[in-house]
Colleague: 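Below are the structure tokens for one structure; questions will follow.
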Amino acid sequence: MEKLASLEEVLLNGGSSVNNSSDPSKTIGNENLTCYSNAGFFSILTFSWISPLLSLGNEKTLDHEDLPLLAADDSAYGAFTTFRNNLESECGSDLRRVTTLKLVKVLIFSTWKGIVLSGLLEFLCTCASFVGPYLIESLVQYFNQEHKFKNEGYMLAIAFVAAKLVECLPDRHGRFNLEQVGVRMQSMLVAMIYAKGLTLSCQSKEGYSSGEIINLMTVDAERVDELCWHMHAPWICVLKVALAMLILYKSVGVASIAAFAATVIVMLLNLPVASLQEKFQGKIMEFKDKRMKVTSEILKNMKILKLQAWEMKFLSKIFHLRKTEETLLKKFLVSSATMTCLLFNAPTFIAVVTFSACFLIGIPLESGKILSALATFEILQMPIYSLPDTISMIAQTKVSFDRITSFLSLDDLQTDVVEKLPRGSSDIAIELVNGNFSWNLSSLNTTLKNINLTVFHGMRVAVCGTVASGKSSLLSCIIGEIPKISGTLKVCGSKAYVSQSPWVESGKIEENILFGKEMDREKYEKVLEACSLTKDLEVLPFGDQTIIGEKGINLSGGQKQRVQIARALYQDADIYLFDDPFSSVDAHTGSHLFRECLLGLLKTKTVIYITHQVEFLPDADLILVMREGRITQSGKYNDILRSDTDFMELVGAHREALSSVMSSERIPTLETVNISTKDSDSLRYFELEQEEKNIDDHHDKSDDTVKPKGQLIQEEEREKGRVRFKVYWKYITTAYGGAFVPFILLSQTLTTVFQIGSNYWMTLETPISATAETGIESFTLMVVYVALAIGSSFFNLVISVLREIAGYKTATILFNKMHFCFFRAPMSFFDATPSGRILNRASTDQNTIDISISYLVWVFTFILIHLLGTIAVMSQAAWQVFIILIPITATCIWYQRYYSASARELARLVGICQAPVIQHFSETISGSTTIRCFEQESRFNDIHMKLIDRYSQPRLYSASAIEWLAFRLDILSITTFAFCLVSLISFPNSITAPGIAGLAVTYGLNLNELQYNLIWDLCNLENEFISVERILQYTSIPSEAPLTIKDNQPDHSWPSFGEVHIQDLQVRYAPHLPLILRGLTCTFAAGAKTGIVGRTGSGKSTLVLTLFRLLEPVAGQILIDSVDISLIGIHDLRSRLSIIPQDPTMFEGTVRSNLDPLEEYTDEQIWEALDMCQLGDEVRKKEGKLDSSVTENGENWSMGQRQLVCLGRVLLKKSKILVLDEATASVDTATDNIIQQTVKQHFSECTVITIAHRITSILDSDMVLFLNQGLIEEYDSPKKLLKNNSSSLAQLVAEYTRRSNCGFGT
């Protein structure tokens, strides 16, 4: 339990890191702690094994650690191992050959024991259910004083009660077995989809976004689980119809043929409707996939959307997709209403046809025979409902199976790209001969062409080149990520990889660094020191136990990069691959990382590093210069420097930048600031403190008592106790203010009255026996009966129409409200809320509201009214039933409340435990390259198995609990039924006609089913209403400031000058976190170029977020052209500012939609912007030109190209204030110079605020702002600051100059 308890801390908070142990046995569950595995026969028979959990649930709010572990067979690991082995036996080693048929066959074969047992129990239950209809005629004759033997009445009563017991017990256990089978099947499929996601090739990934794959896990796999409930329905339906026909033949003779024909007609009428449902369901899923894909992408990039003031445009995109989905949903609900209407009118229709056939043929109708027939018709309702419903469910599930099979059939990464050699078996670490690689094998454009490379153990290899020259692709091919066209690639030893775009897991910093390895404290401390993380951890409120938010949201870009460098170093691999690791960190930290990591801890390792910073090249043993996918030059720094080629272009640009530094007034020399390359402490002098340090409180020991409140990612909000009445009220009054509710209730009451009235009519007006006389003509008898039946059917139709209209309207309103609210939520909401939680509500919870809830509300009220009618009929014949009915009803209510206390929390845990499964999968997909390179697939699969088990636990125990309740309700209802029978037999009432007494027993036969269905629907309704509760939580999220404020809108020309005045600015990320900016006061002059520098985490990006009001200050203000930005609308503010953000982002779509999503500019303007940002020629080469496709996250564009697209956006916008937040971090020096020149030329009269780690990017600024611990350390012109040798800027420049001239070698 300790292992799983450790999961909760991180995973319920949206993380995915768990205990480092990947021992598979630990995912199975300890059977000694599994109540079900160790329960005795009587305990299993009565479901008493779950009683301790229910008892605990009444004492306290259930938490996940209170749940017993799963048995081995129910755990994901146990089930998946069996499933995988069976699938491999069926499909061979290549699982891509899987078909829908093979997948279904393997699923059945993997769970055959549960399927066979549940089938036997269903058979027994079905046979027992027909005993009552068979004996009812004999009972009526007994009431008519026709006694065949002594104590016949009591013997009949015993037979009735025994049959009900035999019917109920197998039914309860059959349902539970099917739930077990469903949980196992879902676990197998989710585990399989996850495992497949880890091995997908990059080309396959382009066809499936993470949102679409999440739908496979949340919707399609769940539908397979739901199908298990209908697994035996086809053959059970045939059996029920056959038994029904036998009983009807005994009662009404050849008229049973008419009954059979009517049954078949009703079923056939349902088939086209079921076919339509399948069609609509498939299309709904298709559009839901598209919507979820867009939603997932938006959530990942919400920060960019808000910075650009694009969020409402993207919201309209979601609403547009939902509109199409709603059109199909409307059609689906109409077909569902039609099917429901046919179902509930089926017994009445069959009865009318059968009795009319008796009338036409001349078969005499007697009360006993009619009651036997009516009881049989009620049972026939189930196959009439189930068979079409099952056909529909099979059709829907086939769509899901096809989708899953299609995904499983996708191509995996080529396994033969890299020939892996054992450690120490060769002197050569990497050997690549005549290598040709392409991301897209169908494309004529080869990514890497004729690559020849030999790297010996212990070499340092630097890779440089212009944007999109193939540098990252070279590393990817060594890892084995790019499909190979030709050539050989051999790698000797283990690999570690640091990606260009930092990937960190949600979870503790320590777990991110250890990444599955055991803790070696000495090595761990060395790695932290080498990665310059020690001081960062000292000032974080929880040190290395701080939980990182989704995508490292609470770490700066540099911190994320250093965490993943630390992760690589801790692995102690043989070969290290760094993809531009220094772009996200400042000059000091970059120097420290290069010296302490590459030249220090890794001095004996093989290292290949990509860099755009020429100063890191001289210390390389080999430099590779790349252009257009080829290695154009290779050799040592001085050797290739002498050749006037590509390398000189890069170095020339660097020297040009360096000369601008050197030409600054009185630049301090190396001697002036006394920096020694051998003095390892010298660099620490420049290191600044982490931005989150709170000097006043950091050393206060009293902080220890409030530490748990300091984590950014908080546990998911979870209601406790009963679902509040206001949730139900909100749901039923959302559509038309609840105007339809009284009409629906009235129609349901009238439907029941007409049904009972028609049965009374037939029972009272037909003779009790063949010898008795009838008081009414047969024609009149049938006319009145048909009229009552039509009345019942009409009101049934009214109910179906009204509920679907109300349900559809409610679903639409709640969807729109929820999406509008979370789009308008402040950035702090997204910082603290993992996207899995939002996606879960937008998919699973919304699906429940779309399709299930309106039906469940209607069924519950219908059954309640029907139950009251049944009690009324029974009590009229035997008033004594009230003696026992009152205490039994009270007991039922007590049981229901006792059960509900636990059931509610189990249902909530189901909702909460699904989000980490989605979250973990989403993170795994984005970090799959890193996971594969570190060969951590097995550990991540084990983590996922544990998460699946955490999700399965509350689901399985929730199913156990409902059967526990149902069994006890069955016993109570059978007791009521038995008392009614004994009363009728022991105290015959001369006033009550035998037919009415028989009618009471006929209704009593369904009492336990009605009572069970009522309680089940009530509990299920409450559980399903948790989806409403969860969505309502997201309709009341605190909103950002208004988009526009009509009374305070700035002029169209604002800002006309661009002066930014900051006064006593104090900012924190959340109320429970320390201040990051601690009282800044300064002014950025209009038209001035201001550079902002400081160590990673000093508050630079926080200042930018505050300027755009993504963070609202705790105190102080910002004035732009004398306008207080806190007093105007946020869209008015953000739309007038421009930013090139730190993380270059592109959205799935086209080049045009990425540059101009608001469709404000002409093609000519867009081409002009592309040419200005050096992308025009690249886009013209593409077939689609401006309509060229961009894949999810812009994966088919290099990081540098994405950054240039961001530059293109601001060139189009032409704002008076431009912010560059590490805008050139991902491009080479030559491209950096081009960007800087472009900005100078086109924003010469604008206020430009530049955050940069490259000194050259800020030295030609008019002013430099140096931040330290969220405070201004220096703010002056660079010339003045450089005159002061002790200034922080002077020391930064000196360090940059030293390493540029001398390198880092000793």
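The residues of the chain are indexed from 1 along the displayed sequence.
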Colleague: Consider only side-chain N and O atoms of Glu122 and Thr126, and report whether a donor and an acceptor are under 3.5 Å apart.
Modeller: no
Colleague: Assign the ring pair His866 / Phe862 to parallel, tilted or perpendicular, where the plane angle (0 to 90°) is split at 30° and 60°.
Modeller: parallel
Colleague: Please say whether more than 12 non-hydrogen atoms of neighbouring residues, nucleotides or ligands are located less than 6.0 Å from CZ in Phe967.
Modeller: yes
Colleague: Any chance you could lay out the side chain to side chain contact (heavy atoms under 4.5 Å, CB included) test for Phe176 and Ser118, step after step, and finish with the verdict?
Modeller: CA-CA 8 Å; Phe176 177 65; Ser118 59; over 6 Å; no
Colleague: Can you tell me how far apart CG (Leu1021) and OG1 (Thr861) are? Round to the nearest 0.5 Å.
Modeller: 9.5 Å
Colleague: Please evaluate residues Gln896 and Ser900 with respect to the criterion side chain to side chain donor-acceptor pair (under 3.5 Å), reporting the C-alpha separation (whole Å), side-chain torsions for both, the decisive distance (0.1 Å), and the verdict.
Modeller: CA-CA 6 Å; Gln896 190 273 329; Ser900 289; 2.7 Å; yes
Colleague: Can you list the residues that meet the side-chain hydrogen bond (donor to acceptor under 3.5 Å, both in side chains) rule with Thr46, with sequence neighbours excluded?
Modeller: Ser48
Colleague: Answer whether the closest heavy-atom distance between the side chains of Phe260 and Ser256 falls below 4.5 Å.
Modeller: no
Colleague: Answer yes if the side chains of Thr348 and Ser792 hold a donor-acceptor pair under 3.5 Å, and no otherwise.
Modeller: no
Colleague: Do the side-chain N and O atoms of Trp229 and Glu179 include a donor-acceptor pair separated by under 3.5 angstrom?
Modeller: yes
Colleague: Quick one: CD1 on Ile971 to OG1 on Thr976, what's the gap to the nearest 0.5 Å?
Modeller: 11.5 Å
Colleague: Is the number of heavy atoms from other residues, nucleotides or ligands under 6.0 Å of Tyr249 OH greater than 12?
Modeller: no
Colleague: Taking salt bridge (charged side-chain N to carboxylate O under 4.0 Å, His left out) as the test, write out the residues that go with Arg968, two or more places apart.
Modeller: none
Colleague: Ser793: which residues meet the side-chain hydrogen bond (donor to acceptor under 3.5 Å, both in side chains) condition with it, sequence neighbours left out?
Modeller: Asn345
Colleague: Kindly write out the residues that satisfy side-chain hydrogen bond (donor to acceptor under 3.5 Å, both in side chains) with Trp761, not counting sequence neighbours, or none if the list is empty.
Modeller: none
Colleague: Excluding sequence neighbours, so at least two apart, what forms side-chain hydrogen bond (donor to acceptor under 3.5 Å, both in side chains) with Lys164?
Modeller: Glu167, Asn1008
Colleague: Please find out if less than 6.0 Å separates the ring center of Tyr957 from that of Trp964.
Modeller: no
Colleague: Do the rings of Tyr728 and Phe1025 sit parallel, tilted or perpendicular, given the 30° and 60° boundaries?
Modeller: tilted
Colleague: Which residues satisfy the salt bridge (charged side-chain N to carboxylate O under 4.0 Å, His left out) test with Asp1017, sequence neighbours excluded?
Modeller: none
Colleague: Go through the steps to decide whether Phe123 and His232 satisfy the test ring-ring contact (aromatic ring centres under 6.0 Å, His included), and finish with yes or no.
Modeller: CA-CA 9 Å; Phe123 176 79; His232 300 295; over 10 Å; no
Colleague: Starting at OG of Ser51, measure out to CG of Leu56 and round the result to the nearest 0.5 Å.
Modeller: 12.5 Å
